[in-house]
2 protein chains.
Amino acid sequence: MDKYQNIYRDMLDDIKSGKYTSGEFLPSDTKLVMKYNVSRETVRKAMVNLAHDGYVQRLKGKGTIVLDRQRVAIPMSQLKSYREVMVEGNITSTNDVLFLEENHEVPENLRIESAIDSDLMSTKLIRRRNVGGEATVIDYDYINQAVVDHLPREAAAESIFNYFEHDLGLQIDYAIKHMTIEPANQQDHKGLGVAIGSPVVVIRSETHLTDNRLLSFTESRHRADRFSNVEFSRRRN
Amino acid sequence: MDKYQNIYRDMLDDIKSGKYTSGEFLPSDTKLVMKYNVSRETVRKAMVNLAHDGYVQRLKGKGTIVLDRQRVAIPMSQLKSYREVMVEGNITSTNDVLFLEENHEVPENLRIESAIDSDLMSTKLIRRRNVGGEATVIDYDYINQAVVDHLPREAAAESIFNYFEHDLGLQIDYAIKHMTIEPANQQDHKGLGVAIGSPVVVIRSETHLTDNRLLSFTESRHRADRFSNVEFSRRRN
DNA sequence: AAGTGGTCTAGACCACACG
DNA sequence: GTGTGGTCTAGACCACTTT
């Protein structure tokens, strides 16, 4: 484990556990240098990341203060799996695999920007997510078979991100996501129980690995009345 | 100007101008060290920021490659003003000031998390944004009078962010934004021309300065059929 | 073996806040 | 003046990719 990652997690745990509450100051960089026996740049790397992720505010001349925010939802801009979001929010949800089959082509409207490889073969997976016994999201995944040749049904029923990272050792790195509001179609009506034409939040994304290989295309269709998103954003200059 | 900021902008200009196109490699860190006569950590700071912002991908052992993406839209997670987004996208838009008055209280439903200061006095500003001659957004701003005591009507008609930063010397730093989909109300109907009950994208945000002072609360109401958002997201660990 | 990016160090100087 | 965070340096070692 890298040292700065370790410090990041340590401090984040302390914030989440309430050891440091909003408005309080964290120990200064110098104190943390002594506590962890590392150089200051290493401490700074951890603290700057915490600030960037919206947990703390660095105040020049004063110190590092804990920000006031309950993370009710996890932002789109954080690339977490549905499962991870649910676990962090202490939400119980179930997961129906509606379809799983190999050797499918990726639909045109899902090819966001790049992906000129027209001969890309993928595993098509359709899942429905239920929260509180209520269907809220339908996911359509197209997983690149050049990267994942076979997806077991058990993995699809659990967390595919977890399967990719822990069982296959893939390193998921980044995604590009497009969000629009669209009228519900026949499938939304059947799967989510919403009226045809009622609003649905559609997020189309393209996920890549650290070596830049394309892992998957996904279309997530959310009931608009159950959708909520929280973003923390920092200004660049 | 800090050195790493300078390198960031230089390289970003080269990417945007097409000097380096998607799939191409940027010069290696070592080359940039020589070019700019700085230490490697300084070059890295610039490059890591470019990677974080989704412009390039750092490939260990290989180099830094330019990613393939036309920034059609600017993500919610970037804290830019409406004006800035329009300028970057080469979109022409107009701006109607519908209301401007001091000494208003901030409505309860806009006080996202913190802001317990119930005696907070603010300047209330309502604006309508038109793109292509069509009304697409209504903004309700409540600007903290303890920070900005008076907002000239001319500044409201132009860009308030620009006024805050350049005329008042304030340093805008971060915001917390909540997004939901809600049915259009009477004001949406009148201002945006949409049917009552039709979907509206509502973004409520709270903006802070670098010294952590609260600058403003904003409620932006977008026509859902004109709304689109693109996010670039990186996975943490 | 040579080149790439990732981490880490020990030290320096700066700008800012607070007594 | 002391303490805080922000920038920068010159060097080191590592893991990875390519030749």
Side-chain angles (χ1 to χ4, degrees), chain A residues 1-11 20 23-52 55-67 169-171 173-174 208-213 234-237, chain B residues 1-11 20 23-52 55-67 169-171 173-174 208-213 234-237:
Chain A
M1 172 59 71
D2 293 328
K3 294 183 180 180
Y4 79 95
Q5 302 270 23
N6 186 31
I7 299 172
Y8 178 99
R9 295 193 183 185
D10 249 37
M11 300 311 295
Y20 302 108
E24 262 185 273
F25 282 94
L26 293 187
S28 71
D29 291 3
T30 321
K31 299 250 178 61
L32 292 175
V33 162
M34 293 185 292
K35 173 175 177 188
Y36 289 98
N37 263 299
V38 295
S39 75
R40 196 175 149 232
E41 284 290 2
T42 300
V43 165
R44 288 197 78 258
K45 207 145 147 188
M47 302 306 278
V48 165
N49 283 342
L50 281 172
H52 189 277
Y55 295 107
V56 302
Q57 179 76 347
R58 304 270 284 175
L59 300 173
K60 198 188 293 191
K62 299 182 78 171
T64 303
I65 198 171
V66 178
L67 288 181
L170 299 175
Q171 291 183 291
D173 190 19
Y174 70 94
H208 292 256
L209 305 176
T210 49
D211 61 10
N212 215 20
R213 275 185 299 165
R234 280 199 184 270
R235 188 152 174 81
R236 178 163 291 289
N237 306 317
Chain B
M1 170 61 68
D2 295 327
K3 294 183 181 180
Y4 79 95
Q5 303 269 25
N6 187 32
I7 299 172
Y8 178 99
R9 295 192 185 187
D10 248 36
M11 300 311 296
Y20 302 107
E24 261 185 273
F25 282 94
L26 293 185
S28 71
D29 291 3
T30 320
K31 300 250 178 62
L32 292 174
V33 161
M34 293 185 293
K35 174 175 178 187
Y36 289 99
N37 261 301
V38 296
S39 75
R40 191 169 154 238
E41 285 290 2
T42 301
V43 165
R44 288 197 79 257
K45 208 148 154 183
M47 302 306 279
V48 165
N49 282 343
L50 282 173
H52 189 279
Y55 296 107
V56 302
Q57 179 77 345
R58 303 271 284 175
L59 301 174
K60 198 188 294 189
K62 298 183 77 169
T64 302
I65 197 170
V66 178
L67 287 182
L170 300 175
Q171 291 184 291
D173 190 20
Y174 70 94
H208 292 256
L209 305 176
T210 50
D211 61 10
N212 214 20
R213 276 186 299 166
R234 280 199 184 269
R235 188 152 175 81
R236 179 161 291 290
N237 309 315

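Because the structure is predicted, anything quoted here is derived from the model rather than measured. We use all heavy atoms of the structure for the numbers below, so side chains are in, but hydrogens, waters and symmetry mates are not. Naming: A, B, ... by sequence-line order, numbering from 1 per chain.
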Query - B:K31 vs C:dT4: side-chain N/O to OP1/OP2 distance below 4.0 Å - result: yes
Report task. Rounded off to whole Å, could you give me the OH-to-P distance for the B:Y36 and D:dC8 pair? Result -> 13 Å
Query raised in the report: Taking CG from B:N212 and P from D:dG5, how many angstroms apart are they, rounded to a whole number?
Result: 14 Å
Report task. Starting at atom CG of B:N37, determine the distance to atom C1' of D:dC8, rounded to an integer number of angstrom. Result -> 13 Å
Report task. For a side chain to side chain contact (heavy atoms under 4.5 Å, CB included) with B:V43, tell me which candidate from B:T30, B:L32, B:V48 qualifies. Result -> B:L32
Report task. Return the value, rounded to whole Å, for the distance between atom NZ of B:K45 and atom P of D:dG6. Result -> 9 Å
Query raised in the report: To the nearest angstrom, how far is A:R44 atom CZ from C:dT9 atom P?
Result: 14 Å
Report task. Could you tell me the separation between the CG atom of A:D2 and the C1' atom of C:dG5, rounded to a whole number of Å? Result -> 13 Å
Query raised in the report: Taking only side-chain nitrogens and oxygens of B:S28, does any of them come within less than 4.0 Å of OP1 or OP2 of C:dG3?
Result: no
**Report entry** Check ion pair A:D29-A:R58 (N to O, under 4.0 angstrom)
**Finding:** yes
Requested in this report: Classify the angle between the aromatic ring planes of B:Y174 and B:H208 as parallel (below 30°), tilted (30 to 60°) or perpendicular (above 60°).
Outcome: parallel
Query raised in the report: Between D:dG5, C:dT7, C:dG5, which nucleotide has the shortest distance from any of its atoms to the side chain of A:Y4?
Result: C:dT7
Report task. Among C:dT4, C:dT9, D:dG6, find the nucleotide with the atom closest to the side chain of A:R58. Result -> D:dG6
Query raised in the report: Please give, in whole Å, the distance from C:dT4 C1' to B:E41 CD?
Result: 15 Å
**Report entry** Residue whose nearest DNA chain C nucleotide is more 5′ - A:G61 or A:K3
**Finding:** A:K3
Report task. Spell out, as yes or no, whether a donor-acceptor pair under 3.5 Å connects the side chain of A:D2 to the backbone of A:Y4. Result -> no
Query raised in the report: Is A:T30 near enough to D:dT4 that one of its side-chain N or O atoms lies under 4.0 angstrom from OP1 or OP2?
Result: yes
Requested in this report: Look at B:T42 and D:dT9 and indicate whether a side-chain polar atom (N or O) is within less than 4.0 Å of OP1 or OP2.
Outcome: yes
Query - Nucleotide of C:dA10, C:dG5, C:dA12 approaching A:R40 most closely (side-chain heavy atoms) - result: C:dA12
Query raised in the report: Does a side-chain N or O from A:K62 land closer than 4.0 Å to OP1 or OP2 of C:dC16, or not?
Result: no
Query raised in the report: For the side chain of A:S39, counting heavy atoms from C-beta on, which of D:dC16, C:dA15, C:dA10 is nearest?
Result: C:dA10
Report task. Identify whether any heavy atom of A:V48 sits under 4.0 Å from a base atom; if not, whether one sits that close to sugar-phosphate; answer base, sugar-phosphate or nothing. Result -> nothing
**Report entry** For atom CD of A:Q171 and atom P of D:dC16, their distance in whole Å
**Finding:** 9 Å
Query raised in the report: With no hydrogens and no angle check, do the side chains of B:Y36 and B:D10 hold a donor and an acceptor under 3.5 Å apart?
Result: yes
Query raised in the report: Nearest of D:dA10, D:dA12, D:dG5 to any side-chain atom of A:D29?
Result: D:dG5
